[in-house]
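FYI, side chains are in, hydrogens and waters are out, and symmetry mates aren't considered; it's all heavy atoms of this structure.
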Amino acid sequence: MTEQSNNKLASQVCEACHVDAPKVSDEELKELMGLIPDWVPLVRDNVMMLEREYKFKNYKLAWAFANKVSELAESEFHHPSILLEWGKVTVTWWTHSIGGLHKNDFICAAKTDQLGD
């Protein structure tokens, strides 16, 4: 992945998502995953999600990062699961209203990556 391709995705804005919004196709999934290679697609409770673990030197740094992710979520009006632990934050994006992955999740994953820079 190039920094430029991640920036291209991160520069986009989430769109309002409704129950009938399309989930990403298998082809789109493959293409979008190429832009955020540090993220892992996984299925939990029959729902496709994106997850990444970020590591930090201590709890305070992890906490600060979790707060940045929370601020991003509010600004995009798209909210992930955030697990804060000592020296580690696990972020999981998926679109609740469609029970799976939407392009918004990939945009937010790319934006999350930029918070760690």
Side-chain angles (χ1 to χ4, degrees):
M1 176 202 70
T2 65
E3 187 75 25
Q4 185 178 11
S5 60
N6 185 287
N7 287 341
K8 182 180 177 186
L9 189 57
S11 68
Q12 298 179 38
V13 177
C14 289
E15 60 185 55
C17 198
H18 303 285
V19 175
D20 59 347
K23 295 178 185 176
V24 296
S25 68
D26 290 341
E27 185 175 301
E28 291 169 318
L29 177 66
K30 185 176 179 180
E31 177 186 335
L32 291 166
M33 287 306 302
L35 301 176
I36 53 166
D38 295 325
W39 289 79
V40 177
L42 55 88
V43 177
R44 186 175 290 136
D45 298 326
N46 294 318
V47 176
M48 177 75 78
M49 303 176 178
L50 296 174
E51 190 166 275
R52 180 169 178 197
E53 182 180 284
Y54 295 85
K55 295 191 182 235
F56 300 90
K57 292 180 183 179
N58 57 46
Y59 188 82
K60 190 171 183 178
L61 291 172
W63 181 16
F65 180 77
N67 284 338
K68 288 180 186 178
V69 176
S70 296
E71 290 171 13
L72 166 66
E74 274 298 290
S75 70
E76 293 292 336
F77 202 68
H78 192 56
H79 303 91
S81 171
I82 304 169
L83 175 60
L84 170 61
E85 302 175 79
W86 191 95
K88 180 169 62 171
V89 176
T90 304
V91 180
T92 310
W93 290 102
W94 76 101
T95 301
H96 303 80
S97 61
I98 64 171
L101 291 176
H102 184 272
K103 188 172 183 183
N104 289 348
D105 301 300
F106 295 87
I107 292 169
C108 286
K111 289 182 181 211
T112 304
D113 284 346
Q114 289 187 329
L115 297 175
D117 294 344

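- Under the 3.5 Å distance criterion, the side-chain polar atoms of Asn58 are matched with a main-chain donor or acceptor of Lys60.
- The closest donor-acceptor contact from the side chain of Lys88 to the backbone of Leu83 lies at 3.5 Å or more, if one exists at all.
- In this structure, Ile82 CD1 and Trp93 CH2 are separated by 7.0 Å, a value rounded to the nearest 0.5 Å.
- In this structure, the side chains of Lys68 and Leu72 stay at 4.5 Å or more apart for every pair of heavy atoms.
- Atoms NE2 and OG, on His96 and Ser81 in that order, are 7.5 Å from each other to the nearest 0.5 Å.
- Put simply, Val40 and Val91 are part of two different groups of oily side chains (I, L, V, M, F, W, Y) that touch within less than 4.5 Å, one to the next.
- In Glu85, the CD atom is crowded: over 12 heavy atoms of neighbouring residues, nucleotides or ligands sit closer than 6.0 Å.
- Under a hydrophobic-cluster definition in which Ile, Leu, Val, Met, Phe, Trp and Tyr are linked whenever side-chain heavy atoms come within less than 4.5 Å, directly or via other members, Met49 and Met33 are assigned to the same cluster.
- In terms of heavy atoms, Ala109 sits closest to Ile36 at CB-CD1, 3.8 Å.
- Residue Tyr59 is grouped with residue Val69 when hydrophobic side chains (ILVMFWY) are merged at heavy-atom distances under 4.5 angstrom, including chains of intermediate members.
- Using modelled atom types and a 3.5 Å distance limit, the side chains of Thr112 and Trp39 yield no donor-acceptor pair.
- Looking at Thr95 and His78, their side chains come closer than 4.5 Å, going by heavy atoms from C-beta outward.
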* To do: Check the pair Val24, Met48 against side chain to side chain contact (heavy atoms under 4.5 Å, CB included), reporting the backbone distance first and the verdict last.
  => CA-CA 10 Å; Val24 296; Met48 177 75 78; over 6 Å; no
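- To the nearest 0.5 Å, the span separating CD1 on Ile107 from CD on Glu76 amounts to 7.5 Å.
- When all heavy atoms are compared, the tightest approach of Pro80 to Ala73 is CD-CB, 3.6 Å.
- Put simply, CZ on Phe106 and CG on Leu9 are 8.5 Å apart, with the number rounded to the nearest 0.5 Å.
- For the pair Arg44 and Thr92, the minimum side-chain heavy-atom distance is below 4.5 Å.
- The shortest non-hydrogen separation linking Ala66 to Leu84 is CB-CD1, 4.4 Å.
- Rounded to the nearest 0.5 Å, atoms CD (Gln12) and NZ (Lys111) are 8.5 Å apart.
- Taking the six-membered ring where the residue is Trp, Phe77 and His79 present perpendicular rings, their angle passing 60° and hence far from 30°.
- Atom CD1 of Ile98 is separated from atom CG of Asp105 by 7.0 Å, given to the nearest 0.5 angstrom.
- Taking both residues in full, the closest heavy atoms of Phe65 and Leu115 are given as CE1-CB, 3.7 Å, listed atom of the first, atom of the second, then distance.
- Partner of Tyr54 under the side chain to side chain donor-acceptor pair (under 3.5 Å) criterion, chosen from Asp38, Asp113, Thr90: Asp113.
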